[in-house]
Structure formats: structure tokens, C-alpha cells
> 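Sharing a structure with you now.
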Amino acid sequence: MFKERLLTPGPTMIPQQVLQAMEVPMLHHRSEVFKKHLLTAAEGMRWVLGWDSAPLFLACSGTGAMEASLLNVCKPGDTVIAVNGGAFGGRWAKIGERLGLTVHEIVVEWGAPVSEEQVREAVTHHPHARAFCIQHSETSTTVLHPVEHALSIVKSMAPTMVTIVDGISACATAPVPGKPGLIDIFIAGSQKALMLPPGLSVVALSHHAWTAVEETPRRSLYFDFVLERKALASGETSWTPASTLIVGLNAAIEMFRAEGLEAMYDRHNKLSRMSHTALRALDCTLLAADAPCPSVTGFFPPNGIDADALRTEVRKRYGIRLAGGQGKFTGKIVRIGHMGFVDPFDVVAGITAIGKVIERLGGSANTTAALSAILSEV
Ligand SMILES: Cc1ncc(COP(=O)(O)O)c(C=O)c1O
């Protein structure tokens, strides 16, 4: 028997404390008890994000929150700039098309971060774009975009452009970049480092974002941020919330407070470093070696080893689920997630399984050497 381990970039493993917290008789979402949970979660996420006001909670996965953000600050005919360096970066344009927006994409090579020149050029050509959208970590390519640098350029060239950051796979693995006000809308999702099941999104808005929301025609009932802000002021959500997840979120935030945010970010960096060192020692080629994100590591297996066969064998033999590639990386890469409830021993388990399966599939991996290269980190 091997334990089931989800070393995937979402959903992720959920700690016992969080599971137990959610195992309560169903709370009514208009009850005083739930109101307390909601307001505690709002204050907790405000702390996690280092934001100056409480974020909103939406009962949807991250894509819903991306769509809601564009819906609330853009009207049909508006122009938007979006960094597209992977499957999630490409999602902005797909959403924008449905909403009647013109999306100018900054096309970034998969596996690379957006560059300063690309950002400058896009804003120079579209200075009146309503919004600038970017992922903090682009989960499909395992890249961490230089959000602080990119958005500082945006704000210096076009101060009123609404900056929207998809922090879904970065939240709780790295600090929210920049000083308050640099990011106007920051989005987080439950099934990543927040250590929860899927179905809850968190959306934080700056003062500037709220002004933009107020001047934008309201086009969605379900995703009306003005209604949500009003509801939250009295400890409620407009519609039935993902209440069980909100209860679980408070247990997760308690764990974050016990570990400390800095220690949590250090742990994620360490898990990323361990993965990089060991995978290199296994002759794998790292995908985003120059700009790796702390939540997930992508790699091409050594020559001759099929990425999907590697993943399948790792799951069948050792109970460890890894993720494959998306879009143009389908069947080519493997991604090992190390976000949320993951410790160095989980990475040791993942690397051991990957090394042994590479050997089994005919590769010349030296698993012992890869492990001894990272044991000092444990
Ligand atoms: C960077 C990023 N953006 C957005 C999403 C949202 O996807 P979903 O709506 O499937 O949760 C994800 C989820 O994997 C993600 O990693």
C-alpha cells in the first residue's frame, strides 16, 4: 500500500484540521453563526493578502472570478491588455470575447516570463485600455511572472488602467506583489494553496477598482460586486455561499497564522528548490528554470521517456498523482505540484517515485544521487 498523494497544482491535499472543521452539521448561511464565520474569513483573507479592505467571496472556481472581474470593470467595446504565456493567460481573451471586449494579447513564449519591453510596447500601443490582466503564477508553464515590475510600468504609463492579477495558484505560496494599490483586483481560488476543495473564489479590490466598478454598467446579477460588497457589510453574501468551504477556510487560515506567512513562503521556495535540484539530477529539463513559481515545477523527462507514461506509472505504482501538460505541452511535460499542505517529505516521495519510474522505463536516472542532493533541505 502507498498513501494517495496529490502532488498536483490543484486540487491539492487537504489537512485533517481543515477537513474536520468542515465536518459540522449544515449551517444556515443567514444564521448568526455563519455570519461570524464569513466575517472571520474576510478578515483572515485580508490579512493573508495584505490588503486594506475585506475581499469578496464568490461561489465559483477561479475562472468565474476572472470573468466576474472583467464583467465588473469593463463594458462592451472596451479594450483590455492580457499577458498570454500559457493556458490561463489565454483564458482572458476567451472570456473577453464573450463579454464583447477587444483583448490585445501580449504573447509570451511558454515557459518564459513577460518582459519589460513587451509590457511597455503593449501599453504604448493601447494606452486607453480599460484593464491589464496577468497571472502571478502561470500554472500551465510553472512560470512566476514579474508582476510587481510589470504593473509598476503599467501604472506609470497609464495610471487609470485597472490592473487585474490572477493569483489563483500563487496565493499563499508567495506574497501579493507590490505595495497596496499596485494591483487593483487580486483573485485567489480555494483548491490551491488555500488547502480547500474547489468551489470558492476570493476577489480583493483596491479603492481604484471600486471606482471603476461603480462607473461600469452592471451587467451580471450573480457576479455583481456592488451587491456583494453591500451583503458582506452585514456579514452575508448575496447568494447562497460556498459556506462549508468558508468554514474550512478559517481552519486553513488558523494554520497559516500558526506557521506564519513568511515561513509559509519560505517553505514553498524550499519545496521548489528541492524539486529543481532533484529533477536536474535526474536528467530532466526544467521548464521555467529562470522564473520558476513556488507552487509547481514543470519538467521534460529525460530523452526517450514518455511524459504521460511516467505520470501513469508513478500513480499506479506509488499512489502519487502528478499533472501533465496543457495546451501545446500536452503529453510533453510533467508538473509536480508543491503548494499548500505539502512538506519536504512529500517532495522526497515524489522525487523517489519519479526517479524509480524513469529507471523502470529504461532511463538512466540516479535516484540515490538526486535524493542525496536534497536531503540537507529536509
Ligand atoms: C493560474 C490559474 N488561473 C485560473 C485557474 C482557474 O481554473 P478553474 O476555474 O478551473 O479553477 C487556475 C486553475 O487551475 C489556475 O491555476
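Numbering of ligands and ligand atoms starts at 1, following listing order.
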> Less than 4.0 Å between a side-chain N and a carboxylate O, is that true for K3 and D346?
no
> Under a 4.0 Å threshold between the charged nitrogen and the carboxylate oxygen, would R321 count as salt-bridged to E4?
no
> Looking at T12 and K192, would you say the former's side chain and the latter's main chain have a donor-acceptor pair under 3.5 Å?
yes
> What are the atoms of ligand 1, with element, lying closer than 4.0 Å to any heavy atom of Q191?
11 (O)
> Write out the residue and atom name of the closest protein heavy atom to atom 12 (C) of ligand 1, then the distance separating them to 0.1 Å.
F88 CE2, 3.3 Å
> Ignoring angles and geometry beyond distance, decide whether Q135 reaches within less than 3.5 Å of ligand 1 through its nitrogen or oxygen atoms.
no
> Who's closest to atom 9 (O) of ligand 1 heavy-atom-wise, of C60, G10, G189, S61?
S61
> For side chain to side chain donor-acceptor pair (under 3.5 Å), just list the numbers for S295 and T173, CA-CA rounded to whole Å, side-chain angles, deciding distance to a tenth of an Å, and then say yes or no.
CA-CA 6 Å; S295 48; T173 73; 4.6 Å; no
> Taking the side chain from E138 and the backbone from G89, do they hold a donor-acceptor pair closer than 3.5 Å?
yes
> Which label fits H104 and H126: parallel for a plane angle under 30°, tilted from 30 to 60°, or perpendicular past 60°?
parallel
> Before signing off on this row, confirm whether K192 and ligand 1 have an N or O atom pair separated by under 3.5 Å.
yes
> For the residue pair Y222 and W239, does the interplanar ring angle fall in the parallel (under 30°), tilted (30 to 60°) or perpendicular (over 60°) class?
parallel
> Taking only non-hydrogen atoms of A65, do any sit less than 4.0 angstrom from ligand 1?
no
> Does E138 come within less than 4.0 Å of ligand 1, judged by its heavy atoms?
no
> Within the structure, does S137 bring an N/O atom to less than 3.5 angstrom of an N/O atom in ligand 1?
no
> Heavy atom under 4.0 Å from ligand 1: found in D166's side chain, backbone, both, or neither?
side chain
> As an exercise, identify every atom of ligand 1 less than 4.0 angstrom from a heavy atom of T139.
1 (C), 2 (C), 15 (C), 16 (O)
